[in-house]
Trainee: 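Here you go, one structure.
Note that the numbering runs from 1 along the sequence shown for the chain. Each ligand, and each atom within it, is numbered from 1 in the order the structure gives. Small disclaimer: the values here were computed from a predicted structure and weren't measured.
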Amino acid sequence: MSRVFSGVQPTGNLHLGNYLGAIKNFVRLQENHECIYCVVDLHAITAWQSPPELSQNTREVAAAYLAAGVDPKRSVIFNQSAVTVHAELAWIFNCVARLGWLNRMTQFKEKAGKNRENASVGLYIYPSLMAADILAYRATHVPVGEDQKQHLELTRDIAQKFNYDFGTDFFPIVQPLIFDSAARVMSLRDGRRKMSKSDPSDNSRINITDDPDTIVRKIRRAKTDPEPVPDGSGTLGTPSTRPEAFNLLEVYAALGDFSKSEIMSEFGGRPFSEFKARLAEVAVETLGPLGDEMRRLMGDPSEIDRVLIEGAARAEHIARPILGDIYDIVGFLKTGSSFSEN
Ligand code: TYM
């Protein structure tokens with residue numbers, strides 16, 4: 001059986017990369033998969049979050065899922081801290097994962113920066129919590145952007161080592177679902193850096209909640225070069241020589257579900273200003289209604305909370321018996337009250 005699991009951190013500034021690289025695919029996958037979508041608040045606190053903002057941002061990610069079209073009747077939507085199995089299984093995985101594996105994680109190195117000694121322990125063991133998120137449901141497929149690929153490889157390593165150590169095939173070896181289009185949306189100011197929630201420049205990203213005027217302005221000001229739009233022949237550059245230009249083509253393709261060759265034959269050789277005007281139109285057409293619906297939902301937090309409460313109960317119902325099986329495999333006695341119904 002296939003089961004999809006994915007998550008987004010409630011750390012504010014949800015942007016076009018989160019939408020195109022992840023959330024848009026969440027919607028598509030629910031057509032023919034059982035899907036579980038989490039707001040990963042436990043992951044968020046690996047770096048300091050102001051408590052009121054964390055609550056607000058948690059609801060905002062849930063609102064983004066709903067506004068984008070994730071259907072809470074069909075898919076499970078919940079916040080991670082509501083289902084304690086995640087933290088409980090993460091501990092077991094902390095005892096399976098090896099220091100050497102975590103030492104290789106590039107995201108830890110980037111996020112901890114030069115002052116590694118001062119990073120939280122949580123940030124270091126972040127990937128074993130992520131493995132627990134996925135494997136608590138024995139999920140088989142995980143839609144993510146390209147930047148999460150290494151974490152999913154670690155999830156596979158943890159599953160394999162657990163299976164080997166305990167002589168079982170209990171955990172599936174998860175498949176990352178990284179789609180070709182917009183798996184790595186780049187900053188609007190620097191085509192060699194990914195678009196990121198934490199970039200200090202708001203002009204580097206299009207936030208899902210930006211109003212139409214802001215979207216148009218950010219796209220007009222997005223960094224490009226004096227050359228016209230690439231036409232696919234290679235004479236007008238390649239993604240490595242013109243990263244900003246190709247990034248905007250990628251974004252346009254993903255937003256409008258166009259193929260890149262279609263776009264290049266339509267716009268190739270034309271001035272970038274013309275292409276940017278069309279890109280801005282498509283971006284406003286897509287993000288405008290999404291932002292409006294998010295604002296509507298955020299106006300009624302009780303409706304969002306209802307979805308999260310119901311989702312947490314459904315998630316718990318799947319994950320708790322799985323944790324029970326894991327306790328049996330590890331040799332823990334299931335004397336705790338959380339197992340009394342099983
Ligand atoms: P997070 O919150 O940083 O990002 C959420 C999703 O958005 C994708 N993404 C991008 N895609 C394309 N271009 C970009 N510039 C871009 N920036 C972000 C991310 O790849 C991700 O899919 N560790 C995860 C959250 C997580 C998770 C999980 C994901 C926790 N547990 C279990 C899957 C399964 C994260 O920090 O995502």
Trainee: Within a distance under 4.0 Å of any heavy atom of His43, pick out the atoms of ligand 1 and give their elements.
Mentor: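 Reading through ligand 1 atom by atom, the close ones are 30 (C), 31 (N).
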
Trainee: Which atoms from ligand 1 have a heavy atom of Ala22 less than 4.0 Å away?
Mentor: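 In order of numbering, the contacting atoms are 6 (C), 7 (O), 22 (O).
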
Trainee: Relative to the heavy atoms of Val142, which atoms of ligand 1 are at a distance of less than 4.0 Å?
Mentor: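 Contacts of ligand 1 toward Val142, numbered from 1: 33 (C), 34 (C).
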
Trainee: Hey, is Ala182 touching ligand 1 through its side chain, its backbone, both or neither, going by heavy atoms under 4.0 Å?
Mentor: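 Only the backbone of Ala182 comes within reach of ligand 1.
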
Trainee: Less than 4.0 angstrom from a charged side-chain N to a carboxylate O is my criterion; do Arg242 and Asp225 meet it?
Mentor: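 Result for this pair is yes, salt bridge flagged.
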
Trainee: Starting from atom 28 (C) of ligand 1, find the nearest protein heavy-atom neighbour and note its residue, name and distance.
Mentor: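 The protein heavy atom lying closest is Met130 CG, 3.4 Å.
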
Trainee: Do the ring planes of Phe267 and Tyr252 sit parallel (below 30°), tilted (30 to 60°) or perpendicular (above 60°)?
Mentor: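 Taking Tyr252 first and then Phe267, their aromatic rings stand perpendicular (interplane angle over 60°).
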
Trainee: Any idea which atoms of ligand 1 are less than 4.0 Å away from a heavy-atom of Val40?
Mentor: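 Atoms satisfying the 4.0 Å criterion: 25 (C), 30 (C), 31 (N).
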
Trainee: Can you tell me the protein heavy atom closest to atom 17 (N) of ligand 1 and the distance?
Mentor: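 Its nearest protein heavy-atom neighbour is His15 CE1, 3.5 Å.
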
Trainee: Please confirm whether Gln148 comes within less than 3.5 Å of ligand 1 when only nitrogen or oxygen atoms on both sides are compared.
Mentor: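 N/O-N/O distance under 3.5 Å: yes.
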
Trainee: What atoms in ligand 1 come closer than 4.0 Å to a heavy atom of Ala183?
Mentor: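 This gives 11 (N), 12 (C), 13 (N) as the contact atoms.
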
Trainee: Should the pair Phe275 and Phe272 be assigned to parallel (<30°), tilted (30 to 60°) or perpendicular (>60°) ring geometry?
Mentor: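 Answer is perpendicular, since the angle exceeds 60°.
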
Trainee: Hey, is Met186 touching ligand 1 through its side chain, its backbone, both or neither, going by heavy atoms under 4.0 Å?
Mentor: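 No part of Met186 is near ligand 1 at this cut-off.
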
Trainee: Taking the six-membered ring of Phe170 as reference, does the NZ or CZ atom of Arg138 fall below 6.0 Å from its centre and within a 45° cone about the axis?
Mentor: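 Verdict for Phe170: a cation-pi partner in Arg138.
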
Trainee: State whether a side-chain donor-acceptor pair under 3.5 Å links Asp41 with Ser81.
Mentor: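 Checked: Asp41/Ser81 side chains pair up, N/O donor to acceptor below 3.5 Å.
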
Trainee: For atom 10 (C) of ligand 1, which protein heavy atom lies nearest, and how many Å away is it?
Mentor: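 Scanning the protein heavy atoms, the shortest distance from atom 10 (C) of ligand 1 goes to Gly17 O, 3.5 Å.
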
Trainee: Ignoring hydrogens, just give me the one of Phe179, Tyr126, Phe26 whose non-hydrogen atom is nearest atom 23 (N) of ligand 1.
Mentor: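 Shortest heavy-atom distance from atom 23 (N) of ligand 1: Tyr126.
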
Trainee: Quick one: which ligand 1 atoms are inside 4.0 Å of a heavy atom on Gln9?
Mentor: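 Atoms satisfying the 4.0 Å criterion: 2 (O), 35 (C), 36 (O).
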
Trainee: Nearest to atom 22 (O) of ligand 1, what protein heavy atom do you find, and at what distance?
Mentor: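 Of every protein heavy atom, Gly145 N, 3.1 Å lies nearest to atom 22 (O) of ligand 1.
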
Trainee: Give a yes or no on whether the backbone of Pro176 and the side-chain of Lys149 come within a donor-acceptor separation of less than 3.5 Å.
Mentor: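 Pair absent, no side-chain N/O of Lys149 close to backbone of Pro176.
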
Trainee: Please list the nearest protein heavy atom to atom 9 (N) of ligand 1 with its residue and the distance rounded to 0.1 Å.
Mentor: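 Going by distance alone, atom 9 (N) of ligand 1 is nearest to Asn18 ND2, 3.7 Å.
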
Trainee: For ligand 1, note which part of Ser196 has a heavy atom under 4.0 Å away: side chain, backbone, both or neither.
Mentor: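 Neither part.
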
Trainee: Have a look at Asn247, Val144, Asp147, Asp133 and point out the one with the heavy atom closest to atom 20 (O) of ligand 1.
Mentor: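 Result: the heavy atom closest to atom 20 (O) of ligand 1 is in Asp147.
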
Trainee: Need the ligand 1 atom indices (1-based, order shown) with element for anything under 4.0 Å from a heavy-atom of Gly21.
Mentor: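 Answer for ligand 1: 11 (N), 12 (C).
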
Trainee: Return the set of residues passing side-chain hydrogen bond (donor to acceptor under 3.5 Å, both in side chains) with Glu293 (not counting sequence neighbours), or none when no residue passes.
Mentor: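 Counting only residues at least two positions away or on another chain, Glu293 forms a side-chain hydrogen bond (donor to acceptor under 3.5 Å, both in side chains) with Arg296.
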
Trainee: We want to know whether Asn94 and Ser128 form a side-chain donor-acceptor pair, criterion being a heavy-atom distance below 3.5 angstrom.
Mentor: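 The criterion, which ignores hydrogens and geometry beyond distance, is satisfied for Ser128 and Asn94.
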
Trainee: Determine the interplanar angle of the Tyr327 and Phe339 rings, folded into 0 to 90°, and report it as parallel if under 30°, tilted if 30 to 60°, perpendicular if over 60°.
Mentor: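 Because their plane-to-plane angle lies in the 30° to 60° range, the rings of Tyr327 and Phe339 count as tilted.
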
Trainee: Where the side chain of Lys276 meets the backbone of Ala222, is there a donor-acceptor pair that is under 3.5 Å apart?
Mentor: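 Answer holds: yes.
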
Trainee: Heavy-atom distances under 4.0 Å are what count here, so tell me which part of Ile134 touches ligand 1: side chain, backbone, both or neither.
Mentor: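 It is the side chain that touches ligand 1; the backbone stays farther off.
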
Trainee: Measure from atom 13 (N) of ligand 1 to every heavy atom in Val185, Leu20, Asn25 and give the option owning the shortest one.
Mentor: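 Considering heavy atoms of Val185, Leu20, Asn25, the nearest to atom 13 (N) of ligand 1 sits in Val185.
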
Trainee: Considering only non-hydrogen protein atoms, determine which one is nearest to atom 25 (C) of ligand 1 and report residue, atom name and distance to 0.1 Å.
Mentor: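 Going by distance alone, atom 25 (C) of ligand 1 is nearest to Gly7 O, 3.6 Å.
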
Trainee: Provide the number and element of each atom of ligand 1 under 4.0 Å from a heavy atom of Lys197.
Mentor: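 Under 4.0 Å from Lys197, ligand 1 has these atoms: 1 (P), 2 (O), 3 (O).
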
Trainee: Could you list the residues that satisfy side chain to side chain contact (heavy atoms under 4.5 Å, CB included) with Thr209, not counting sequence neighbours?
Mentor: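 Thr209 satisfies side chain to side chain contact (heavy atoms under 4.5 Å, CB included) with Asn207, Met294, Arg295 only.
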
Trainee: Under 3.5 Å between some N or O of ligand 1 and some N or O of His151?
Mentor: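 In this structure, His151 places no N or O atom under 3.5 Å from an N or O of ligand 1.
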
Trainee: Which pair of heavy atoms, one from Cys38 and one from His86, lies closest together, and at what distance?
Mentor: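 For Cys38 versus His86, the nearest heavy atoms are SG-CE1, 4.4 Å.
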
Trainee: Would you say the ring centroid of Phe26 lies under 6.0 angstrom from that of Tyr65?
Mentor: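 Close enough - the centres of the two rings lie under 6.0 Å apart.
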
Trainee: In this structure, are over 12 heavy atoms from other groups packed under 6.0 Å from Phe332 atom CZ?
Mentor: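 Not more than 12 within 6.0 Å, no.
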
